[in-house]
Amino acid sequence: QVQLVDSGGDLVQPGGSLRLSCVVSGRFLSINAMGWYRQAPGKERESVAEITSGGYTNYADSVRGRFTISRDNSKSAVYLQMNSLKSEDSAVYYCNAHVVRSYNWVPQEYWGQGTQVTVSS
């Protein structure tokens, strides 16, 4: 089995910073793209940032310039550095990974359990 464990969510004041972490564990051959999504109450889950196995990144317009996604392939981990946080960034954040588990090399999508980020004074 493959598990994604995300952490780092907290209550932070507007303008503050947080760093989210997600570690992939279990038996697998490789990890392709990884990313972070978020879901606020009453809204659909949306993509925040993604990073390919080669390090190419892409961001939602709402976070570009404030958030930075990175990964450590040696640790099977992905991170999201969030700076200049705004109240509208409040949501449950989920990590996502496309994991190859067999030699057909077809990736399967996995999700973390979610970590709450609340931006409020």
Side-chain angles (χ1 to χ4, degrees):
Q1 278 288 8
V2 171
Q3 282 190 315
L4 274 61
V5 178
D6 42 32
S7 61
D10 206 345
L11 170 64
V12 63
Q13 292 187 345
S17 298
L18 280 177
R19 185 178 189 240
L20 305 183
S21 300
C22 174
V23 178
V24 182
S25 63
R27 297 186 65 178
F28 53 89
L29 298 176
S30 65
I31 304 173
N32 292 355
M34 305 180 81
W36 289 94
Y37 288 69
R38 67 186 181 187
Q39 187 168 20
K43 294 187 177 181
E44 293 188 353
R45 189 175 296 191
E46 62 174 356
S47 175
V48 175
E50 60 181 2
I51 183 168
T52 67
S53 57
Y56 174 81
T57 59
N58 191 36
Y59 297 92
D61 289 342
S62 59
V63 307
R64 187 173 291 112
R66 300 187 297 122
F67 291 10
T68 302
I69 189 171
S70 61
R71 64 190 284 172
D72 185 338
N73 292 328
S74 68
K75 297 181 179 179
S76 300
V78 62
Y79 309 99
L80 186 68
Q81 178 65 43
M82 305 186 294
N83 298 329
S84 302
L85 283 161
K86 306 175 182 180
S87 58
E88 51 263 44
D89 294 319
S90 297
V92 178
Y93 284 69
Y94 299 89
C95 69
N96 170 276
H98 292 78
V99 181
V100 176
R101 299 187 61 206
S102 65
Y103 287 102
N104 64 9
W105 298 103
V106 175
Q108 296 175 280
E109 187 175 34
Y110 292 88
W111 293 90
Q113 81 282 3
T115 185
Q116 177 71 49
V117 172
T118 303
V119 184
S120 175
S121 55

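In what follows, every heavy atom counts, from backbone to side chain, and hydrogens, waters and symmetry copies are set aside.
S76 and I31 make their closest contact through CB-CD1, 3.9 Å (heavy atoms, listed as atom of the first residue, atom of the second, distance). The minimum heavy-atom distance between S47 and A60, with the atom names listed, is O-CB, 3.5 Å. Shortest non-hydrogen contact noted between G8 and L18 is O-CD2, 3.9 Å. Here the shortest heavy-atom pairing between K43 and Q39 reads O-NE2, 3.1 Å. Closest approach of A91 and A40 over heavy atoms only: CB-N, 3.8 Å.
There is a side-chain donor-acceptor pair under 3.5 Å between N83 and S17.
Here Y56 is tied to no hydrophobic group at all, with no ILVMFWY side chain closer than 4.5 Å.
Note: the hydrophobic cluster containing V23 does not contain L4 (ILVMFWY, side chain heavy atoms under 4.5 Å, direct or indirect links). Note: the hydrophobic cluster containing Y110 also contains F28 (ILVMFWY, side chain heavy atoms under 4.5 Å, direct or indirect links).
Scanning for side-chain contact (heavy atoms from CB on, under 4.5 Å) contacts around S120 gives L11, T118, with sequence neighbours left out.
In this structure, the side chains of R64 and N58 come closer than 4.5 Å at one or more pairs of heavy atoms. Annotation: side chain of D10 is not in contact with side chain of V117 (no heavy-atom distance under 4.5 Å). Here the side chains of V24 and K75 are not in contact, with every heavy-atom distance at 4.5 Å or above. In this structure, the side chains of T115 and V92 stay at 4.5 Å or more apart for every pair of heavy atoms.
When atom types are taken as modelled, the side chain of S53 and the backbone of N32 share no donor-acceptor pair closer than 3.5 angstrom. In this structure, R19 contributes its side chain and Q81 its backbone to no donor-acceptor pair below 3.5 Å. Panel note: side chain S30, backbone V100; no donor-acceptor pair is recorded below 3.5 Å.
Here the straight-line distance linking atom CZ of R71 with atom CD of E50 works out to 11.0 Å at 0.5 Å rounding. Rounded to the nearest 0.5 angstrom, S90 OG and Q116 CD are separated by 7.5 Å. Here the straight-line distance linking atom CZ of R45 with atom CZ of R38 works out to 13.0 Å at 0.5 Å rounding.
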Please step through side-chain contact (heavy atoms from CB on, under 4.5 Å) for the pair Y37 and E44, ending with a clear verdict.
CA-CA 10 Å; Y37 288 69; E44 293 188 353; over 6 Å; no
side-chain contact (heavy atoms from CB on, under 4.5 Å) for E109 and N96? Distances and angles first, verdict last.
CA-CA 7 Å; E109 187 175 34; N96 170 276; 2.8 Å; yes
Walk me through whether Q108 and R101 qualify under side-chain contact (heavy atoms from CB on, under 4.5 Å).
CA-CA 8 Å; Q108 296 175 280; R101 299 187 61 206; 3.5 Å; yes
Is there a side-chain contact (heavy atoms from CB on, under 4.5 Å) between L20 and D6? Walk through the geometry before answering.
CA-CA 7 Å; L20 305 183; D6 42 32; over 6 Å; no
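Annotation for Q3: atom CD does not count as buried by contact number, only 12 or fewer foreign heavy atoms lying within 6.0 Å. Counted within 6.0 Å of CD on Q1, heavy atoms from surrounding residues, nucleotides or ligands total 12 or fewer; the atom is thus considered open.
For residues 57-104, the ring-ring contact (aromatic ring centres under 6.0 Å, His included) pairs, not counting sequence neighbours, are Y103-W105.
K86 and D89 are not joined by a salt bridge, as no carboxylate oxygen comes within less than 4.0 angstrom of a charged side-chain nitrogen.
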